[in-house]
Amino acid sequence: SLSWIDTMIGGMKPASIFSIPSDLGAQERLQRRHMLARLGLASLVMMQVMMFAFPGYLRASYADAETVDTLDTAIIVMNWCSLLLTVPVLLYCAWPIWRGFLGRDPHDPHQQSMNWPIGLGIVVAFVPSAIATFRQSGEVYFESIAMFVAFVLTARYLAHAARQSAGAAVDQRFDQEIRLLAKRAD
């Protein structure tokens with residue numbers, strides 16, 4: 001039946017998902033600001049770490065030993081810079097992911113099932129990259145980690161903003177559909 005789609009569309013307000021609804025409470029406004037701050041920091045770090053990764057891409061195209069030695073030194077320095085910039089992304093920006101990865105996230109019930117593969121992917125990329133940085137040899141994936149966190153936070157922010165803009169009617173209907181699907185799955 002498509003009646004739930006009509007209900008959902010009827011509950012939506014004609015506004016941009018980026019505009020903050022006037023009936024939004026103080027706690028929801030604060031949560032939205034925190035999400036935007038995490039997204040902004042992750043995006044800035046992502047761009048910077050991607051620039052630090054650039055010397056690694058150039059290494060294979062040079063043949064003379066002096067240039068390769070200079071690039072090797074630059075790569076080591078850039079890997080350390082990338083590691084230092086990626087740590088705040090993991091500790092602050094990805095905090096909602098870790099909260100859902102380690103336990104139930106009361107602020108984001110809709111994303112519960114995705115936190116495990118996302119968190120696992122981040123750990124699997126970060127640990128070998130940190131080891132390679134300390135050993136000063138091997139591939140690092142700090143730019144991939146920062147990019148992945150930034151993209152996940154972007155998607156979650158847009159979904160959160162859309163839910164807030166659509167109002168409580170859509171959220172209630174979404175929760176009803178999840179409960180119905182969970183009953184059918186059992």
Decide yes or no on side-chain contact (heavy atoms from CB on, under 4.5 Å) for Arg32 and Tyr157, but give the supporting numbers first. CA-CA 8 Å; Arg32 190 167 174 157; Tyr157 177 77; 3.5 Å; yes
Is there a path of hydrophobic side-chain contacts, each under 4.5 Å between heavy atoms of I/L/V/M/F/W/Y residues, joining [Y] to [X]?
X: Val45; Y: Val123; value: yes
X: Val127; Y: Val149; value: yes
X: Leu153; Y: Met46; value: no
X: Val152; Y: Met35; value: yes
X: Ile145; Y: Val140; value: yes

Does the side chain of Arg156 reach to within under 4.5 Å of the side chain of Met114, using non-hydrogen atoms? yes
Is there side-chain contact between Phe142 and Phe126, with at least one heavy-atom pair below 4.5 Å? yes
So, taking the atom named CD in Gln176 and the one named CD1 in Ile178, what distance separates them when rounded to the nearest 0.5 Å? 11.0 Å
Please round to the nearest 0.5 Å and tell me the distance separating atom OG of Ser144 and atom CD1 of Ile122. 11.5 Å
Do the side chain of Ser43 and the main chain of Ala150 share a donor and acceptor less than 3.5 angstrom apart? no
Taking distance alone, no hydrogens or angles, what donor-acceptor pairs closer than 3.5 Å link side-chain atoms of residues 75-98 to residues at least two apart or in another chain?
{"from": "Asn79", "atom 1": "ND2", "to": "Ile75", "atom 2": "O", "distance (Å)": "3.4"}
{"from": "Ser82", "atom 1": "OG", "to": "Met78", "atom 2": "O", "distance (Å)": "2.9"}
{"from": "Thr86", "atom 1": "OG1", "to": "Ser82", "atom 2": "O", "distance (Å)": "2.6"}
{"from": "Trp98", "atom 1": "NE1", "to": "Leu90", "atom 2": "O", "distance (Å)": "2.6"}

